[in-house]
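Worksheet: one structure, shown below.
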Amino acid sequence: MKVNSTAVLGLQWGDEGKGKVIDCLSENCDAVVRFGGGSNAGHTIVVGGEKFILRLLPSGVLHPGKLCLIGPGVACDPDVLQSEMNDLQERGISVSGRVFVDFGAHLVLALHKARDSFEETARGNHAIDTTRRGIGPSYADRVSRIGIRVSDLFYPELLKVKASNLLKMHKFCSRGEAGEIVDEAGRFFEELTSYRKFFESLADDISPRIMKLIADGKRVLFEGAQGSLLDVDYGTYPYTTSSHTTVGGIFTGLGIPPKYLGDVIGVVKSYMTRVGFGPFPTEMSGKQGDRLRERGYEFGSVTGRPRRIGWLDLVSLKRMIDLNGVSRLAITKLDVLDGMNEILVCEAYELNGKKQESLPPNHPDFSNVKPVYTRLNGWEGGVSGVKREANLPVQAHAYLDFIEKKTGIPIGLVSTGFGRDDTIFMK
Ligand code: IMP
């Protein structure tokens, strides 16, 4: 079987610019698939000067006619999905008949959002600074086996029992503090029932569909959400999201075996950002960080929070490349570094006076490492909007060569601006 599928995964703490990369690659694809995360994602795409922010719909949806699938590994907030689909329809992008959600996807409900805020408050000094979209609590209900799935909506009697159990659990765990919604079983059941109609035309069995598409030679893109360093097991736990954002999430989140995956593209921002709390060895403070934040519009697309800014960290990058089996890199936001006199890249860490080139195995150590930097020259002029490799300034080329050499992975694509056309496909 010739496999024409590609995964696009973020290799940092999310917001690497995956949305734009997926949008660019979608043109030559038949289907784009989300396998994990939920509406905590915010993929920003600019088409013809018009800005779109997608939270649940796969980024390929902006290309007419492309099939968009949402797998069982996704935490699906029906309100967000509904408003996203309505918004696109209103803006002239037809979504009907080409968006499908797996029967097994768990719902994110109002009580999960209330609970997310409640848990953050309860964590006190150890808060994660979640997006408060109810993602963690919905995944928690999934593994506690009390979650409500799309399929449950079609079985009213079962739904009633599950709804009442879920309420009982939430009420017990949060002692009523998760909001009045917990006290109103009738209203809760009504809320759930109201989603049935919406899902009637969307609910589907996604795994066989994907396997058939790939076996028939169709091109399928697996769209990652968040970044590898936010993976619940392999990220900077507990300052992570609640799902598997790394390559394994594709198989468990879609119900397909590894033989259906071809290429893995790792998306890397040319500097780093992080929203929320947790360790960030290369974080920069002061004017330089502020400048990059402004130039890169580094404010959360879901919550508007200012993102923390840092230099590229090759130590964590190399680990995430290995972990995901990355075959090509996509470097994004190179234009944001225009005007920098020098560019720092972290090549090793110093921990307790000793230099090390690998990621420390546990989180407390990761908070204490000091970056060891290599300094590269910035470039004259700018790369903003450059569309051909030959037109890149020498120093920008040197920066990309440095990343390729140090990681051993070829760069296939470089993004030099927000627009679809501000992209270089490297030779
Ligand atoms: P949660 O996923 O809302 O539970 O948030 C957990 C952590 O992951 C927080 O630090 C969030 O800021 C971060 N996070 C979740 N989704 C994204 C994303 O799409 N981009 C960047 N950070 C994210």
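Starting from 1, each residue takes its place in the sequence as its number. Both ligands and their constituent atoms are indexed starting at 1 by order of listing. Because only heavy atoms are used, hydrogens play no part in the values below, and waters and symmetry mates are left out as well, while side chains stay in.
Residue pairs that meet the salt bridge (Lys or Arg N to Asp or Glu O under 4.0 Å) test with at least one member in residues 43-52, sequence neighbours left out, are Glu50-Arg91.
The one candidate from Arg274, Arg307, Arg305 that meets the salt bridge (Lys or Arg N to Asp or Glu O under 4.0 Å) condition with Asp15 is Arg307.
Within the 4.0 Å heavy-atom criterion, neither part of Tyr239 lies near ligand 1. When non-hydrogen atoms are compared, ligand 1 lies under 4.0 Å from neither the backbone nor the side chain of Asp116.
Among all protein heavy atoms, the one lying closest to atom 21 (C) of ligand 1 is Asp15 OD2, 3.0 Å. Summary of contacts: the protein heavy atom closest to atom 14 (N) of ligand 1 is Leu230 CD1, 3.7 Å.
Interface atoms of ligand 1 facing Trp13, defined by a heavy-atom separation under 4.0 Å, are 21 (C), 22 (N). When each atom of ligand 1 is checked for a heavy atom of Gly276 under 4.0 Å away, the hits are 10 (O). Set against the non-hydrogen atoms of Asp129, the atoms of ligand 1 under 4.0 Å away are 9 (C), 10 (O), 11 (C), 12 (O).
The aromatic rings of Phe103 and Phe154 stand perpendicular to each other, their planes meeting at an angle above 60°, with 30° marking the opposite boundary.
Aromatic rings from Phe35 and Phe251 are positioned such that their centres are separated by 6.0 Å or more.
For Arg305, the closest heavy-atom approach to ligand 1 falls below 4.0 Å. Residue contacts with ligand 1: Thr240 is included, with a non-hydrogen atom under 4.0 Å away. For the ligand labelled ligand 1, residue Ala41 lies inside the 4.0 Å heavy-atom shell.
With hydrogens and angles left out, the side-chain atoms of His112 and Asp141 include a donor and acceptor closer than 3.5 Å. In this structure, a donor-acceptor pair under 3.5 Å is absent between the side chains of Lys318 and Thr407.
Asp152 places a side-chain N or O within 3.5 Å of a backbone atom of Arg149 that can act as its donor or acceptor partner.
With salt bridges taken as basic N to acidic carboxylate O contacts below 4.0 Å, one links Arg420 and Asp23.
Looking at ligand 1, you won't find any N or O of Arg133 less than 3.5 Å from one of its N or O atoms. The shortest N or O to N or O distance between Asn40 and ligand 1 is under 3.5 Å. In terms of N/O distances under 3.5 Å, ligand 1 is not approached by Gly42.
Looking at Val232, Leu229, Thr130, it is Thr130 that brings a heavy atom closest to atom 4 (O) of ligand 1.
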